[in-house]
Amino acid sequence: MIIYFAKKFLLLQTFLLFVFSQFGTSQNVSDGFLTISKHIRDGQVLVSKGENFALGFFSPGVSTNRYVGIWYNKAPENPVVWVANRDNPINDSSGILSIDAHGNLVLRVKDQNQSIWSTNITSKSTNKSTFAQLLDSGNLQLALDKTSEVLWQSFDYPTDTNLPNMELGLDRSTGLSRILTSSKSKDDPGTGNCSYVLNTNSSSPELYLYKSNILLWRSGHWNGIGWSGLPQLSKSNLLYNYSLVNNQTETTISWTEILPGTFQRSVVNELGYIERLLSRDTREGGKKWISLGKMPDKLCDNYGKCGTFGKCQLHNDTRFECTCLPGFQPKSPSEWLSRNASGGCVRKRGQESICKSGDGFVTVENVKLPDSSVAQLDEKLRFEECEQKCRQNCSCTAYGGVATEEQVGCLRWHGDLIDTSVLDGGGQNLYVRVDALELGHSNGFFANKRRLAIMIVALLVTPLLIFLSAYWLIRRKRKARERQLKFFIDATTSSTTFQDSQKLDEGRRKPDLPIFDISTILTATDNFSPTKRLGQGGFGPVYKGQLANGQEIAVKALSRSSRQGTEEFKNEVTLIAKLQHRNLVRLFGCCIHKEEKMLIYEYMPNKSLDFFIFDEIGRQLLDWSKRFEIISGIARGVLYLHQDSRLKIIHRDLKTSNVLLDAAMNPKISDFGLARMFGDDQIEANTKRVVGTYGYMAPEYAMEGLYSTKSDVFSYGVLTLEIISGKKNNHYHVASPWLNLIGHAWDLWMEGKALDIVDSSLGQAYPAHEVSRCIQIGLLCVQEQAMDRPTMIEIVFMLGNETPLPAPKKPAFINRRNISNGQDSSSSTGALGSINDVTMSALEAR
Ligand SMILES: *[C@@H]1O[C@H](CO)[C@@H](O)[C@H](O)[C@H]1NC(C)=O
Ligand SMILES: *[C@@H]1O[C@H](CO)[C@@H](O)[C@H](O)[C@H]1NC(C)=O
Ligand SMILES: *[C@@H]1O[C@H](CO)[C@@H](O)[C@H](O)[C@H]1NC(C)=O
Ligand SMILES: *[C@@H]1O[C@H](CO)[C@@H](O)[C@H](O)[C@H]1NC(C)=O
Ligand SMILES: *[C@@H]1O[C@H](CO)[C@@H](O)[C@H](O)[C@H]1NC(C)=O
Ligand SMILES: *[C@@H]1O[C@H](CO)[C@@H](O)[C@H](O)[C@H]1NC(C)=O
Ligand SMILES: *[C@@H]1O[C@H](CO)[C@@H](O)[C@H](O)[C@H]1NC(C)=O
Ligand SMILES: *[C@@H]1O[C@H](CO)[C@@H](O)[C@H](O)[C@H]1NC(C)=O
Ligand SMILES: *[C@@H]1O[C@H](CO)[C@@H](O)[C@H](O)[C@H]1NC(C)=O
Ligand SMILES: *[C@@H]1O[C@H](CO)[C@@H](O)[C@H](O)[C@H]1NC(C)=O
Ligand SMILES: *[C@@H]1O[C@H](CO)[C@@H](O)[C@H](O)[C@H]1NC(C)=O
Ligand SMILES: *[C@@H]1O[C@H](CO)[C@@H](O)[C@H](O)[C@H]1NC(C)=O
């Protein structure tokens, strides 16, 4: 009986299969696999396991030709990311994509043996048993049945789109060179004229964009974390994580997505630009593609706009200016005058004039360094030795550092300097070689002054050094407080000094304290490599690191102004390391080395809130529901600090840059307890030293140094208003009649137009009632009188429940523009304290 039904079922299935295949609309393949017995024909699609991508037949634009391609299955507009037969379309719907007897993936037309496209990996004499799989990354792989060894993958043959985890560049072991090539047009995905290539010939690889062999744009050299010509991307590392591999076997670049739940791609457009696109969630539930920028974009982005040895400076969208680098003059002054700079500049007194005694270097500041394909890269060379190296070779025309910090790494140019342009914010210094005369002329005053300064410093410092050495020798055991030379420079140059002292440390260590060895930290951060530097916090630099067990950490060096002794500090760290809450960044422990104190935190990949809400692109990624979650999360974190934890901590420096975001964009408060570690652990007290950031400080704290949990509430209110509006409290447009965001919000609130403050990037897509409630809570928090402000527990309750709210009273600091600007008011009360406090007080004008 069962067998009978099974047979019937099989028959039915066969019949259905027959019917479907006859009419060409048979079922889609949704596990992502193609095998020798499972093919797809026009009309069917192969969907990857997680349904991110689909493979199938399509016709672009108005074309009726059929192509096999891979497209986003769930993103809007389903953009195509890869095309198999881009130059060989099928003119009807008879195409079949299958695996042939030799193991190749082939595209052919029904009833024809000739293939239209093939992976070509196996020949007739080497039959292999293979399968193809479309992965959720958008990669189509052909692999051996037995071993799953990948024989071919679409990522190795990209068309016009670069996806995360796709490598561009050269694999020297196979000779495979992966470049992007534009389409011919919207209607024709055939190989077009623009290409995007990683230059793998020079010691310092760069990305180049060509149009029919004319170089349009270059990315700038690799600075360790990103491309130097794109500082806005590498600085924040907000959206992408690039990695460059440059060794004997390969020179490749790839990137990974950092933000979850988004899709990202870069596309080479046939019009001659590369565009990066990101799909983000919209409140309506769908997604939408937004452009994260095109390159070349501005006039000075165009390669060699001002010719050889010229420098391009942009004034506005339509106006730029070419100047010659120091020591150079226009090759053809008449052309130059007629605003044609393409001829470039030549050395004023000929090439022979340099490389003689008295020549030197003139600094050109804040530029995108010239084309590095003619440069020599010494990644390991200390920057100080760079100039010397350049002097030694007469063909060296300029040098510069690899990263902005100029600590390690040296680039030296031999020959022409092409495509130097001014980069606003994030440029580097170029040191151009000039002859003695030029050095006297253009830089003489400064050069002489510098020499004089060096001489004076040398005269002063030498006896001091002798004295210090003597002192050190005599009182070796005593802490060498005088050694104010920068620790991190020591760390990068001589790690041996740490080995010795480590032995000393080991004896004193208590096993239960979360104290890390300096050697562990040095290994984790590659000896505080500049490439691992995440930024400069109010208390000192922050480095990224990875422990031997794979745990990623952030190492925060504290400035020396701590008044605590080492033991007190250790006890404090131990207490704070025990605090755990989902909205607080974990403090793993500390590391103490001589006078240096470092805190070891959990690493947060998504940076801090200010990178998002004050950023043109970043703010688009935070819709209202996300913002509300962040507002609520911060409130819960602060509440925990204030009353749920055993320590009762007042943060005292709550601000957007101290709110970090984890991979799922949950807010995590950082730097709590720092004030305690610096020795001010009274609660509700008066302090001479004001820790905090102007714009977030409660009036009683800023003016009188009085702090309590209510001063954190004030900062929280400012934060809330900033998250809602996407504007900095402190950085208000000059043209506006309001001094700050609080004043603006208050005025709008009084006029009954509170919602006008809402970030325009949210559009109309937010629940007015909820937003208005949050504005009201924000205003309640920034009220002038501390006692009027709600407590944190009340705030958490108000955020979670629809209870009626009290009407806010007039906030603090809403004076009109002409009166004072706060900074005066705090310094006039002497709250700034002594020199020692400057690093701590961090009254940064943000
Ligand atoms: C197969 O997928 C395509 C595109 O997603 C869709 O239009 C079609 O309806 C699907 N066919 C079946 C049988 O599910
Ligand atoms: C499609 O192309 C084939 C040859 O490649 C040709 O024989 C056929 O006539 C074409 N069909 C149409 C409809 O153009
Ligand atoms: C395809 O190949 C088979 C066997 O190799 C042959 O019999 C058939 O004639 C070929 N068809 C065409 C259209 O060339
Ligand atoms: C495969 O090889 C054939 C002949 O050698 C060639 O015509 C065709 O372009 C190749 N296809 C691909 C996708 O490389
Ligand atoms: C490969 O497969 C083809 C078709 O099945 C067959 O004709 C040929 O003999 C095979 N070659 C080898 C080396 O097995
Ligand atoms: C590509 O360049 C060639 C010659 O430079 C030109 O003839 C052709 O029209 C260009 N193609 C496209 C799609 O722009
Ligand atoms: C690299 O060198 C090879 C051979 O000299 C040349 O064909 C290629 O175009 C060069 N690549 C770039 C990006 O300059
Ligand atoms: C080059 O780097 C790649 C990726 O990190 C690695 O797999 C390969 O072994 C390296 N080759 C050499 C010669 O170091
Ligand atoms: C650029 O500046 C020039 C001169 O300052 C001015 O004439 C021109 O209108 C400006 N263009 C734009 C787009 O602002
Ligand atoms: C600029 O000068 C170059 C020669 O240096 C010449 O070839 C080019 O045509 C000139 N361009 C314009 C727009 O005059
Ligand atoms: C100077 O540098 C060039 C380019 O790297 C090199 O070819 C030349 O040999 C060097 N000359 C000396 C004297 O080192
Ligand atoms: C960046 O990429 C590297 C290697 O591809 C990876 O180890 C690291 O975890 C990534 N970082 C982030 C923040 O995604």
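FYI, the numbering just counts along the sequence from 1. Order of appearance sets the numbers: ligands from 1, and atoms from 1 within every ligand. Heavy-atom basis, side chains included; hydrogens, waters and symmetry copies ignored.
The contact set between ligand 6 and Ser212, taken as ligand atoms under 4.0 Å from a residue heavy atom, comprises 2 (O), 5 (O). Residue Glu250 approaches ligand 8 through these ligand atoms, each under 4.0 Å from one of its heavy atoms: 3 (C), 4 (C). Interface of Gln376 with ligand 11, defined as ligand atoms under 4.0 Å from a residue heavy atom, comprises 5 (O). Of all atoms in ligand 11, listed by their number and element, those nearer than 4.0 Å to a heavy atom of Asn393 are 1 (C), 2 (O), 3 (C), 8 (C), 10 (C), 11 (N), 12 (C), 14 (O). Remark: ligand 11 atoms within the under-4.0 Å shell around heavy atoms of Ser395 are 1 (C), 2 (O), 3 (C). The ligand atoms of ligand 6 that sit less than 4.0 angstrom from a heavy atom of Lys184 are 13 (C).
For the pair Pro330 and Cys324, the tightest heavy-atom approach, listed with the atom from each and the gap, is N-SG, 3.4 Å. Smallest separation of non-hydrogen atoms from Glu270 and Lys211: O-NZ, 3.7 Å. Residues Leu198 and Thr251 share a closest heavy-atom pair of CD2-O, 3.6 Å.
When Trp413, Tyr399, Tyr431 are each tested for a ring-ring contact (aromatic ring centres under 6.0 Å, His included) with Phe361, only one passes: Tyr399.
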- Item | ring pair (Phe, Tyr, Trp, His ring centres under 6.0 Å) between Tyr208 and Tyr196, worked out | CA-CA 6 Å; Tyr208 287 110; Tyr196 193 52; 9.7 Å; no
- Task: Show your working on side-chain contact (heavy atoms from CB on, under 4.5 Å) between Thr256 and Asn165 and close with a plain yes or no.
- Result: CA-CA 6 Å; Thr256 53; Asn165 301 310; 3.1 Å; yes
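Cys pair Cys306 and Cys312 fails the test of SG atoms under 2.5 Å apart.
Residues Trp289 and Tyr72 bring their aromatic ring centres within 6.0 Å.
For atom 2 (O) of ligand 6, the nearest protein heavy atom is under 4.0 Å away. Proximity of atom 9 (O) of ligand 8 to the protein is not indicated, since no non-hydrogen protein atom lies closer than 4.0 angstrom.
No part of Gln392 comes within 4.0 Å of ligand 11, judged by heavy-atom distances.
Thr249 OG1, 2.8 Å is the protein heavy atom nearest to atom 11 (N) of ligand 8. Looking only at heavy atoms of the protein, atom 5 (O) of ligand 8 is closest to Val245 CG1, 4.1 Å. In terms of protein heavy atoms, atom 12 (C) of ligand 8 is closest to Asn247 ND2, 3.3 Å. From the protein, the heavy atom lying nearest to atom 6 (C) of ligand 6 is Asn193 ND2, 4.1 Å.
Counting non-hydrogen atoms of neighbouring residues, nucleotides and ligands closer than 6.0 angstrom, the NZ atom of Lys331 reaches no more than 12 such neighbours.
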